[in-house]
Amino acid sequence: MYHALHFGRLNKKMQENYIVGIYARLSRDDERAGESVSIENQKEMLSRYVREQGWTLYDYYCDDGVSGTTFDRPGLNRLVQDATDHKINLVLCKDLSRLGRDYIEAGKYTDFVFPSLGCRFIALNDGVDTLRKNNEMLVILKNVMNDLYARDTSSKIKAVKLSTFKSGKYVGCYAPLGYRKSEADKHVLEIDPVTAPVVRHIFDLRLQGYGFRKIALQLNAEKVPAPRSFYYMAEGRENLRGETPFWNDVTVKTILRNEVYIGHMVQNKTGTVSYKNHKQVSKPESEWIKVENTHEPLIPQETWDAVQRMDNHPARGRSGKSGTVALFGGLLRCMDCGSSMRYMRDYRKKISEKEPEYKAYVCNRYASGGKNACSSHYINQKVLTQIVMTDIRCKAMWAQNSRETLRTQLLAREQNASVERTRTLQAELNAIGKRLPELDKLIQSAYEDKVLGRIPESVCVNLLNQYEAERREKQERHKELTGQLAASRETESSVDAWLDMMQDYAQLEELDRPTLVRLIQKIEISERYTVDDHEERDIHIYYNFVGYIEA
């Protein structure tokens, strides 16, 4: 009883001399020396009111450039902590929208948090004062109006951004590595001569068979600054955010898959959960906005295509102890068993202390399981190199001197294969198109049988799970088949692209890995066989875009 009476007297005494915490917030980025002018105006107006009331000002709590739809703010968190520690007993702000624009969260603070801490709350311009119980409805209405304002503002901002995306203008705080924002128009990208060589280097390393992580390690070994480091260097200021100055595989992968480097703008890839939840989430590819040819490309289209093929290309290869990928690593296939062919070296004879004289490839299944698994299919790298170079030069001369004849032959071959492939794909698509509506009806029927008591709930759940699983599978397959069907209809452009590419290699004198990856999809090696008392073997070279071409 004494404690309650004592607390009541103490509380009454505190109410007579309020210890005030002034809260100010602004969500715009118009800063001046760390705090915006509007923040300063709020502080000046509210501190004057405190003086007029004869109260004691304890401290200012400010959140500048922070949205009112989030309540995880440094200034607000510190204010609540000081109220919890009874350092203040009155919170004063300009209006309710400064506290927040989410009516549920704002109402939680005014109705529960501050009162439970014995803290009075005043929103001066709105006439809101938690000491006066007759204005509770006003507080609720104000909070709802602020929430609606935030929703409306968010919708308008999204509409403006979508319009900007669709016009092909760049929207972002930082230009992608290799580019910089034009001084004439910040929505236009231009090649940055400082960072562009880094991007080209990354694409070159990928063409040489380097994986994402290995490229990152190589860049770190070369002491190449990370993308954000380049930004701060250009700004002439130190990176105070503590971000890592090193490259990693994720950054490398993002660069290698960004179509901005071939002159296309692809935006709207991410967004927030809602106007209240600002957590960034990835959007499905169907919602991306792509506008082509918006700026000068940094990477040639053929280089881009070759790099993209690397993701599913058999020639990714594996690096050995020296850290390099074998010339034909990942490209060779055993013609008999279909397995890859393993790179091997013979150190019994050496050209130098490091390089073996004999480099060769054998069937991987044979190397692992012996002659019972497969035969060796052994082939010397020097011999294979000469064979492949000769074939490339031959096809290149053919493309130069008999382009139309070769084009007609390739199109006819591809069309014959494409007709059957298209017929098969279309038949499966039609079957899936019929099955999906049937599954929708079955799902609806299962629900109705459950509601009408025709089947037990457990049976209904099992049926629904089966139908849903099949529907997801069919939808995914439908998407896959649609893509394959579209690809099968691009034969003509693929043949033209191959003919254009091959013409550059009529005088090829040296075969390197980037050239192999660019031109060749795979090479099949048969075992030796005897014809008229001498050994022969079949080597089938499958080119990108057009596959195997018989001589």
Side-chain angles (χ1 to χ4, degrees), residues 11 13-103 105-111 113-115 117-132 134-136 138-150 152-154 157 240 278:
N11 190 49
K13 184 177 181 180
M14 289 175 64
Q15 299 301 320
E16 293 172 354
N17 182 22
Y18 284 104
I19 310 299
V20 183
I22 289 178
Y23 181 71
R25 182 189 65 81
L26 193 75
S27 60
R28 296 191 300 269
D29 294 326
D30 51 342
E31 299 182 351
R32 191 184 73 182
E35 290 187 358
S36 71
V37 177
S38 294
I39 288 284
E40 294 170 358
N41 286 342
Q42 291 178 51
K43 290 164 64 176
E44 173 59 30
M45 180 187 74
L46 296 174
S47 60
R48 183 169 60 249
Y49 181 75
V50 170
R51 289 194 299 272
E52 290 172 355
Q53 299 301 314
W55 297 334
T56 301
L57 175 61
Y58 180 77
D59 201 357
Y60 297 102
Y61 305 83
C62 304
D63 286 310
D64 201 359
V66 183
S67 171
T69 56
T70 177
F71 282 75
D72 185 13
R73 313 176 210 143
L76 182 61
N77 291 340
R78 188 167 66 87
L79 172 78
V80 173
Q81 186 59 54
D82 284 353
T84 303
D85 296 339
H86 302 296
K87 294 178 181 178
I88 58 176
N89 59 2
L90 191 152
V91 174
L92 180 65
C93 64
K94 179 183 176 183
D95 52 55
L96 272 172
S97 66
R98 298 306 92 200
L99 177 63
R101 293 192 181 277
D102 182 331
Y103 76 95
E105 287 294 321
K108 185 178 75 173
Y109 277 85
T110 57
D111 296 343
V113 175
F114 292 141
L117 297 174
C119 200
R120 182 179 175 186
F121 173 80
I122 295 177
L124 192 59
N125 285 357
D126 288 338
V128 172
D129 186 345
T130 54
L131 195 64
R132 303 171 188 166
N134 58 350
N135 66 357
E136 290 179 349
L138 175 63
V139 174
I140 294 172
L141 290 174
K142 285 283 186 181
N143 282 334
V144 171
M145 290 174 64
N146 288 329
D147 189 287
L148 291 174
Y149 175 82
D152 183 59
T153 301
S154 176
I157 291 173
L240 300 176
H278 295 173

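It should be emphasised that the depicted structure is a prediction, and the values quoted were computed from it without experimental measurement.
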Beyond-backbone contact of [X] with [Y], side-chain heavy atoms, under 4.5 angstrom:
X: Asp95; Y: Ser97; result: yes
X: Tyr49; Y: Leu124; result: yes
X: Arg120; Y: Asp129; result: yes
X: Thr110; Y: Leu99; result: yes
X: Asn125; Y: Met45; result: yes

Could you walk me through whether Phe121 and Leu96 satisfy the side-chain contact (heavy atoms from CB on, under 4.5 Å) test, starting with their C-alpha distance in whole Å, then the side-chain angles of each, then the deciding distance to 0.1 Å, before giving a yes or no?
CA-CA 10 Å; Phe121 173 80; Leu96 272 172; 3.7 Å; yes
What is the distance from atom [atom1] of [X] to atom [atom2] of [Y], rounded to the nearest 0.5 Å?
X: Asn17; Y: Asn89; atom1: CG; atom2: CG; result: 8.0 Å
X: Tyr58; Y: Leu79; atom1: OH; atom2: CG; result: 11.0 Å
X: Gln53; Y: Ile122; atom1: CD; atom2: CD1; result: 7.5 Å
X: Lys94; Y: Asn41; atom1: NZ; atom2: CG; result: 7.5 Å
X: Leu46; Y: Leu92; atom1: CG; atom2: CG; result: 4.5 Å

Parallel under 30°, tilted from 30 to 60°, perpendicular over 60°: which one fits the rings of Tyr18 and Trp55?
perpendicular
What pair of heavy atoms forms the shortest contact from [X] to [Y], and how long is it?
X: Val50; Y: Leu57; result: CG1-N, 4.1 Å
X: Tyr23; Y: Leu76; result: CE1-N, 3.8 Å
X: Ile39; Y: Leu26; result: CD1-N, 3.8 Å
X: Cys93; Y: Arg98; result: CB-CB, 4.4 Å

Ignoring hydrogens and angles, state whether a donor on the side chain of Asn77 or Gln81 is under 3.5 Å from an acceptor on the partner side chain.
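Not at all, the side chains of Asn77 and Gln81 share no donor-acceptor pair under 3.5 Å.
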Evaluate side-chain contact (heavy atoms from CB on, under 4.5 Å) for Phe114 paired with Val91, printing each intermediate quantity in order.
CA-CA 8 Å; Phe114 292 141; Val91 174; 3.9 Å; yes
Before you tell me yes or no, could you show the steps for Tyr61 and Ile88 under side-chain contact (heavy atoms from CB on, under 4.5 Å), namely the whole-Å CA-CA distance, both residues' side-chain angles and the distance that decides it to 0.1 Å?
CA-CA 12 Å; Tyr61 305 83; Ile88 58 176; 4.0 Å; yes
Taking 4.0 angstrom as the limit, do Arg78 and Asp59 come out as a salt bridge?
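Asp59 and Arg78: salt-bridged.
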